[in-house]
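Structure first, then comments.
Throughout, protein chains are lettered first and strands after them, A, B, ... in sequence-line order, and every chain is numbered starting at 1. Just so it is clear, the values below take in all heavy atoms, side chains as well, and ignore hydrogens, waters and symmetry mates.
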Number of protein chains: 2
Amino acid sequence: MAKKLTIHPALKQLLEKGDKQFQSGLSVDCVIFGFHENVLKILALDVKYINKWALPGGFIKINEPVEQAAARVLQERTGVNNIFLQQFEVFSNPTRSDASVHQSRYKEFGIKIPKDNWLMQRFITIGYFALIDFTEVKTTESKMDAEYCEWIDISKLDNMMMDHQAIVLKALETLRTQLAYTPIGKNLLPKKFTMPELQKLYETILDKKLDRRNFQRRMLGFGILNKLNETRKGGAHKAPFLYTFNDKKYQRALKEGLYGSW
Amino acid sequence: MAKKLTIHPALKQLLEKGDKQFQSGLSVDCVIFGFHENVLKILALDVKYINKWALPGGFIKINEPVEQAAARVLQERTGVNNIFLQQFEVFSNPTRSDASVHQSRYKEFGIKIPKDNWLMQRFITIGYFALIDFTEVKTTESKMDAEYCEWIDISKLDNMMMDHQAIVLKALETLRTQLAYTPIGKNLLPKKFTMPELQKLYETILDKKLDRRNFQRRMLGFGILNKLNETRKGGAHKAPFLYTFNDKKYQRALKEGLYGSW
DNA sequence: GCAAAAGTGTTAACTGTACACCCATGT
DNA sequence: ACATGGGTGTACAGTTAACACTTTTGC
């Protein structure tokens, strides 16, 4: 027989006072992209009681801007602050909410959520995506679920709960589209990186091979890179030069785009 | 002394049962673009009791997808159905809500809204924009405010209530960005239109003069136009040819974009 | 016939793409 | 020394931008 655990006060409070503390029927979900060993990954929670993956998400406090709620979720799960975070879509299919998920969570503690509890209503969620440096993340335990986030391959995201897989796919699609006119990499790569590493990132996101030489010319042409006088030694073969992003120019390109279009 | 009017049942019900019918603290606001006499306009409501312009907006019914709520607002205000409608941003600044607007509306009927009424809370709004054919719109009276929408110039949108001006500006910015890789015009122009008319539309949105000949070549190159064997007569000077959009190809371009990018 | 607007064509500049060649490094 | 990956250069093709000329129409 399953051992009956003691419920965490925060979880209990969520049930009892959540409707007073949070914006009703609204949540944020974060698709947090990272890049490691030439694979694009996202942070996900292993939700044990339903045996599925979930996106890290949270509720919006009364009087809290949504962006701040998303940043808070990111901070809670990764310890990372001040990161690029972008809203990309609102998901509002009335059947997307699955009250049984909440029921399963509280069932562990022998609690059955009443039908009229605020958690049982239909939820609309605002999707955010973030790009973060894999090496900087210390996934931390959350009070709510006592779970750590884990990195999972973008290619292995079946078995996600509710509509979370669709949310990730939409985030990926948005990321791909933005790649054409927005700089990418600052938050996905370590401070110093090589041109081949940057190229791999692009190739991974676009799922496409790119010409080494033309890629380099184009990137340099954007004028957002600083070439350093160091090389990445240790690897076999010729040591590639290291680069950093030119912060000012990177930020400007983020706002104004890489091209002027018309 | 001001004449005391009789309140419309729908308005009364909004106050009393709104929290049962609608998603709490959430709304949609629509920036409805139209194009007439070479000027880009949006539909706005003249909110008499506060003497400001407002975007047509509404609440989201329990169990209604947000897109459907936006489409409903559009239909209620313009009589137009099945139109291009796109979510572009969520506005959630905690200070954006202005309860006094609601108070003013009900004050006309001698009603003071209690502080704990659902309308008095902070609202988060989801911004949608639509592009519609100016000539097809019959602005209709709404039950809620007994007001008609009016077309106002994009250049004259000071004096909007709350953060509605910022919402319009963001919509415009989004529209401009999308212009580069998405077809535009189908819903902003009459069925049949001339190349100079289409060009004027682009010039207006981009706020920029374009070369007549290169514009024509580019547009034709997209392959989304049908050239008709008719000309727009009556105007002074040479009669320009009429075009229609090729619906199939237009729809495909909407989904896949005008370019393949990478 | 003239001014203004529209249709059609041409050329030069630029950008992107496809390659070729050389260099550095570990085995 | 050679295989492999990285740095640099060039030439061709395709696209875009700039501009000239002709045609139609109302006054």
Side-chain angles (χ1 to χ4, degrees), chain A residues 37-38 176 179-185 189-190 192-204 206 208-244 253 257-262, chain B residues 37-38 179-183 185 189-190 192-204 206-244 253 256-262:
Chain A
E37 288 172 350
N38 295 338
R176 282 197 180 124
L179 211 51
Y181 53 94
T182 292
I184 290 267
L189 295 170
K192 297 179 183 181
F193 54 91
T194 67
M195 194 60 79
E197 285 164 4
L198 183 61
Q199 185 179 340
K200 277 278 161 23
L201 171 62
Y202 272 75
E203 290 183 336
T204 304
L206 293 168
K208 194 174 182 174
K209 280 253 166 277
L210 301 173
D211 184 281
R212 183 169 62 85
R213 296 149 285 196
N214 296 332
F215 178 81
Q216 173 151 338
R217 209 192 335 267
R218 186 195 279 236
M219 281 300 145
L220 293 176
F222 291 153
I224 55 174
L225 295 177
N226 299 320
K227 186 173 183 174
L228 305 181
N229 262 328
E230 311 168 52
T231 51
R232 164 93 77 227
K233 294 175 183 173
H237 319 302
K238 184 169 183 177
F241 281 101
L242 286 168
Y243 292 85
T244 58
L258 292 169
Y259 302 99
S261 72
W262 287 78
Chain B
E37 290 173 348
N38 295 336
L179 211 53
Y181 53 95
T182 293
L189 295 170
K192 296 179 184 182
F193 54 91
T194 67
M195 195 59 79
E197 284 163 4
L198 182 61
Q199 185 178 341
K200 276 278 161 22
L201 171 61
Y202 271 74
E203 290 182 337
T204 304
L206 293 168
D207 196 21
K208 195 174 182 175
K209 281 254 165 275
L210 301 173
D211 184 282
R212 186 168 59 86
R213 297 148 284 196
N214 295 333
F215 178 82
Q216 173 150 341
R217 209 191 333 268
R218 187 196 279 236
M219 281 299 147
L220 293 175
F222 290 153
I224 55 174
L225 295 177
N226 300 319
K227 185 173 184 175
L228 305 181
N229 262 328
E230 310 168 53
T231 52
R232 165 93 77 228
K233 292 175 186 172
H237 320 302
K238 184 167 183 175
F241 281 101
L242 286 167
Y243 292 84
T244 58
E256 300 172 14
L258 293 169
Y259 302 98
S261 72
W262 286 78

Item checked: Nucleotide dA5(C), atom P - distance to CG of Leu198(B) in whole Å -> 18 Å
Next item on the list: Could you grab the distance from atom NZ of Lys208(A) to atom OH of Tyr202(A), nearest 0.5 Å is fine?
Entry: 14.0 Å
Next item on the list: Whole angstrom is fine here: how far is it from CZ in Phe241(A) over to C1' in dG5(D)?
Entry: 14 Å
Notebook entry, point to check: Taking CG from Leu242(B) and P from dA6(C), how many angstroms apart are they, rounded to a whole number?
Noted result: 12 Å
Notebook entry, point to check: Taking only residues two or more places apart in sequence or in another chain, which ones pass side chain to side chain contact (heavy atoms under 4.5 Å, CB included) with Pro183(B)?
Noted result: Ile224(B), Tyr250(B), Ala253(B), Leu254(B), Leu258(B)
Check: At what distance, to the nearest 0.5 angstrom, does OH of Tyr243(A) lie from CG of Asn226(A)?
Finding: 10.5 Å
Polar atom pairs (N or O), protein with nucleotides 10-13 of chain D, under 3.5 Å:
from	atom 1	to	atom 2	distance (Å)
dT10(D)	O4	Arg217(A)	NH1	3.4
dT10(D)	O4	Arg217(A)	NH2	3.4

Next item on the list: To the nearest Å, give me how far apart CD (Glu197(A)) and P (dG5(D)) are.
Entry: 15 Å
Notebook entry, point to check: Counting just side-chain N and O atoms, does Gln216(A) come under 4.0 Å of either OP1 or OP2 of dG6(D)?
Noted result: no
Next item on the list: Give the rounded distance in Å between these two atoms: CG of Leu210(B) and C1' of dA17(D).
Entry: 12 Å
Check: Got a second to check how far Leu189(A)'s CG is from Lys200(A)'s NZ, nearest 0.5 Å?
Finding: 12.5 Å
Notebook entry, point to check: Does a nitrogen or oxygen in the side chain of Lys200(A) sit under 4.0 Å from OP1 or OP2 of dG6(D)?
Noted result: no
Next item on the list: Quickly work out the Asn229(B) CG to dG7(C) P distance and round it to whole Å.
Entry: 13 Å
Notebook entry, point to check: CD of Gln199(B) versus P of dA6(C): gap in Å, rounded?
Noted result: 9 Å
Notebook entry, point to check: Rounded to the nearest Å, what distance is computed from the CG atom of residue Asp211(A) to the C1' atom of nucleotide dG5(D)?
Noted result: 14 Å
Note to self: Please find the pair of heavy atoms, one from Leu201(B) and one from Gly185(B), that lie closest to each other, and give the distance.
What the structure shows: CD2-CA, 3.8 Å
Notebook entry, point to check: Is the shortest heavy-atom distance from the side chain of Glu203(B) to the side chain of Phe215(B) under 4.5 Å?
Noted result: no
Check: Any side-chain N or O of Lys227(A) under 4.0 Å from OP1/OP2 of dT8(D)?
Finding: yes
Notebook entry, point to check: When you check every protein heavy atom under 4.0 Å of nucleotides 21-27 of chain C, what one-letter string (B, S, -) results, 5' to 3'?
Noted result: --BBBS-
Note to self: I'd like to check Leu242(B) versus Thr231(B) (side-chain heavy atoms, cut-off strictly below 4.5 Å). Are they in contact?
What the structure shows: no
Next item on the list: For residues Gln199(B) and Asp211(B), report the shortest heavy-atom separation together with the two atoms involved.
Entry: NE2-C, 4.0 Å
Check: Going from CE on Met195(B) to NZ on Lys227(B), what distance comes out if it is rounded to the nearest 0.5 angstrom?
Finding: 8.0 Å
